[in-house]
Each structure stands twice: as structure tokens, then as C-alpha cells.
Amino acid sequence: MSVIGFDIGTGYIKLAQCGKHGVERLYTQKLPENLVRAGEIISFEAMSEYLREMRRKYHIARANCAVILPAQVAFMRRVTLPAMSTEQLRLNFPYEFRDYAASGKEKFFYDYAVQEILRDEDGKPTEMNLLAAAASKDIIGEYRAMFRRAGLHLRTAIPAECAYANLMRRYAVVQPDHAPQEYCIIDIGQTATRLHIFDHGNQFDTTRVIDIGTADFDRAVAEARNVDEHIAHTYMDANHDGVQEAEEARSIYSTISVESMKAVNFYRFNNRNTQLEHAYYCGGGAYITPLIKMIGQMTGLTMHPIEQLMPTVSAEQKGETLLCAAAVGATMQ
């Protein structure tokens, strides 16, 4: 049975319909203004109606679905705890998120993934390195109701980092000789650029948020060319009159690249034995070749499109892979 993955961004909604044979269909569609702000849905009822319209437009049947939770509502952290049972873990997790759950630990859902178990000389477990997550029950309830009104059943809600880790796990299985031990995922979105770094194959280490995205390119081009920001966006998309190489755009590329370099260097400083060499790029800014080239030069990382980590996609949908990677990964949970 197919599962539909949703990644609802500030400017676009991305859908991935995946089944037992892999990726079946990918869709991206621009969202109306003010329906999502800084990654958070402003009106869940309005979004339900929008999703219903998308189902009708693309003839999407009723199905289970998975959704990427925005960073503002899904709290993640790496924690190290003494070896303990599953029940003991569940009792301890609220205390790991007490800064977020100040209003009451019972108001949150908690989940975790075991990343590493440390053992003594006799092989007895001593410590556990975990990736822990927490999300408000109220927010999850809003998402469930939103999808239910749209004729869909919410089965999974995960942060983007978990979706990318799912892609890495799959890649390590199908390409064991080519899978790196450390990954950097660079997601260049509308309002921010996020670097997610993973070690030991697919174990999440850290996320660095750079508060610059494609909307900043549009504003800079609009000001320099004296046009509306929407027109500037079409210029950037089509590289009209070589605008992607214009000074006003390249100055912003430089800022993103320098901040990316700082994040990578900080990781390398704290992990002296690191072998981080590869970055996989995605998001709306991933289509801007001069930007990708500059990030690679500044960070010293070899840049790859994220589709290399994804299941095979039909030729006619190749253009959607850089936007829909997280939605695909969400269906693999």
C-alpha cells in the first residue's frame, strides 16, 4: 500500500507517493501566501482544504501519510544515559526535555532511536547514546485532524533529520561500497539554510541553521533590478539575463558559504578524526549552480545532489527530487 510523504515548507508543499517498488510520484506546488509562516502552519483548517484540492487535482486516493515536522515544534537532542530498560527510558525522557516541557511533561509525546550502546570489558551494556525527540500532543493532534479532514490518515510525524537518516540507511544497504561514514545534508530553503551533519553512517550529530534563504536572493535582485520580488524570483529560477551570477546574488551566496564553512570547521575541530568529505544538497536553492559551487569551494566538501541517496525516480520527475527528498524519507519510517 502506498504512503504519501508531506513536507510543508513556507513557500511550497512537497509530496512523495511511495510504495513497495519505491517512489511512484512526486509533486511540488506553491502555497498561497500567509498559509505557512516560518515553517509553521497558520491555519490548519485552511491547509486541510488546500490538501483536499491537491488530492482532487492529482487524483490521490485515500492513504496513510507521513509528515515532516518543522523544527519549531519538534525538539531533538542527542543524549547519553546509563544502560536501562525501555520503560526506564520512557520515564527519563521528560527530564531530558524539561526546558521545553516546562508547562507539563504529560503534554508531550516522546520518542527515541538508539545510536550506540557502550559496553564494558565483559560486554555488559554501560551507556546508551540516543537521539531523542519531543513534540507537543496538541500540535500532533492538529496535524492528525488536518489530514483526517483532507481524507488522509497520519501514520508518522518526524523531524527532517530523521527523514534524511532514513535515506542514508537505505543508501548504505543498496550501495555499501560507496556509502560514506559521515554525511552533511545542506537544505537551502526559502527562509533559511540548514546543515545537518551525521556521523557513524547515519547517526545525527548536529544541525546548523543559517537564517538566509532563497527569499533573500529574490529581495536583493528585486532591489538591484527595480522589479517586484515575485518577478525577481522568476528571474532567479530561469537565470534570466545571467542574474544568478550577478553581484547582488553572489554576495548572498558568499555569506551562506562562509557560514557553512564555519559550521563544517567547527564540526571538524570537535571531531579530530573526522572523515567528512561529502555534502548532499537539496531545497529550492539547490538549483542555483553558482551557489552550490561556492559552498563546495568554501567548505572543501564534494557536492552531490541528494537524489543520489534516493530510490530511483522516473526521468520525467527528476526535476522534483531536490525538493522532495525529505518527503520521500518520511515514508521510510
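Along the sequence shown, residues are numbered consecutively beginning with 1. All values below come from the heavy atoms of this structure, side chains included, with hydrogens, waters and symmetry mates left out. Note that the coordinates shown come from a computational prediction; the quantities given were computed from them, not determined experimentally.
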- So Glu24 and Ser2, side-chain hydrogen bond (donor to acceptor under 3.5 Å, both in side chains) or not? Walk me through it. CA-CA 9 Å; Glu24 298 170 354; Ser2 293; 2.8 Å; yes
- Message: Set out, in order, the CA-CA distance, both residues' side-chain angles and the distance that settles side-chain contact (heavy atoms from CB on, under 4.5 Å) for Ile42 and Met47, then state yes or no.
- Response: CA-CA 9 Å; Ile42 303 303; Met47 183 61 77; over 6 Å; no
- Query: What orientation do Tyr164 and His196 show, parallel under 30°, tilted 30 to 60°, or perpendicular over 60°?
  - Reply: tilted
- Would you call Asp211-Arg194 a salt bridge at under 4.0 Å N-O? no
- Rounded distance [0.5 Å steps], CD in Glu307 versus NZ in Lys318: 4.5 Å
- Item | side-chain contact (heavy atoms from CB on, under 4.5 Å) evaluation trace for Phe204 with Ile197 | CA-CA 6 Å; Phe204 173 71; Ile197 298 179; over 6 Å; no
- Work out which heavy atom in Asn92 is nearest to a heavy atom in Gln88; give both atom names and the distance. ND2-O, 2.8 Å
- Item | Exceeds 12 heavy-atom contacts within 6.0 angstrom, atom CG of Asp120 | yes
- Rounded to the nearest 0.5 Å, how far apart are CZ of Arg208 and CG of Leu195? 8.0 Å
- Would you say Arg268 and Asn271 make side-chain contact, with heavy atoms under 4.5 Å? no
- Note on the structure: Contacts of Glu248 meeting side chain to side chain donor-acceptor pair (under 3.5 Å) (sequence neighbours excluded), chain-then-number -> Arg225
- Query: Yes or no on side-chain contact (heavy atoms from CB on, under 4.5 Å) for Arg149 and Phe44, after CA distance, side-chain angles and deciding distance?
  - Reply: CA-CA 10 Å; Arg149 290 192 295 265; Phe44 283 93; 4.0 Å; yes
- Message: Regarding Arg78 and Glu161, does a basic nitrogen lie under 4.0 Å from an acidic carboxylate oxygen?
- Response: no
- Message: Determine whether Glu182 and Thr274 satisfy the following criterion, side-chain hydrogen bond (donor to acceptor under 3.5 Å, both in side chains), listing intermediate values before the conclusion.
- Response: CA-CA 8 Å; Glu182 294 168 290; Thr274 179; 2.8 Å; yes
- Arg169 to Cys162 - nearest heavy-atom pair and separation: NH2-O, 4.4 Å
- Message: Any salt bridge linking Arg250 with Glu247? Criterion: basic side-chain nitrogen under 4.0 Å from a carboxylate oxygen.
- Response: no
- Message: Among Gln17, Gln29, Arg25, exactly one meets side chain to side chain donor-acceptor pair (under 3.5 Å) together with Tyr58. Which residue is that?
- Response: Gln29
- Charged N-O contact under 4.0 Å between Glu259 and Lys262: yes
- Task: Just say parallel, tilted or perpendicular for the rings of His304 and His278, cut-offs at 30° and 60°.
- Result: tilted
- Does the cation-pi check pass for Arg144 over Phe147, that is, NZ or CZ under 6.0 Å from the six-membered ring centre and within 45° of its axis? no
- Is it the case that Asn129 and Thr80 place a side-chain donor and acceptor less than 3.5 Å from each other? yes
- Query: Given the rule in the side-chain contact (heavy atoms from CB on, under 4.5 Å) test, do Ile13 and Thr28 qualify, once you have shown the distances and angles that lead to the verdict?
  - Reply: CA-CA 6 Å; Ile13 183 169; Thr28 62; over 6 Å; no
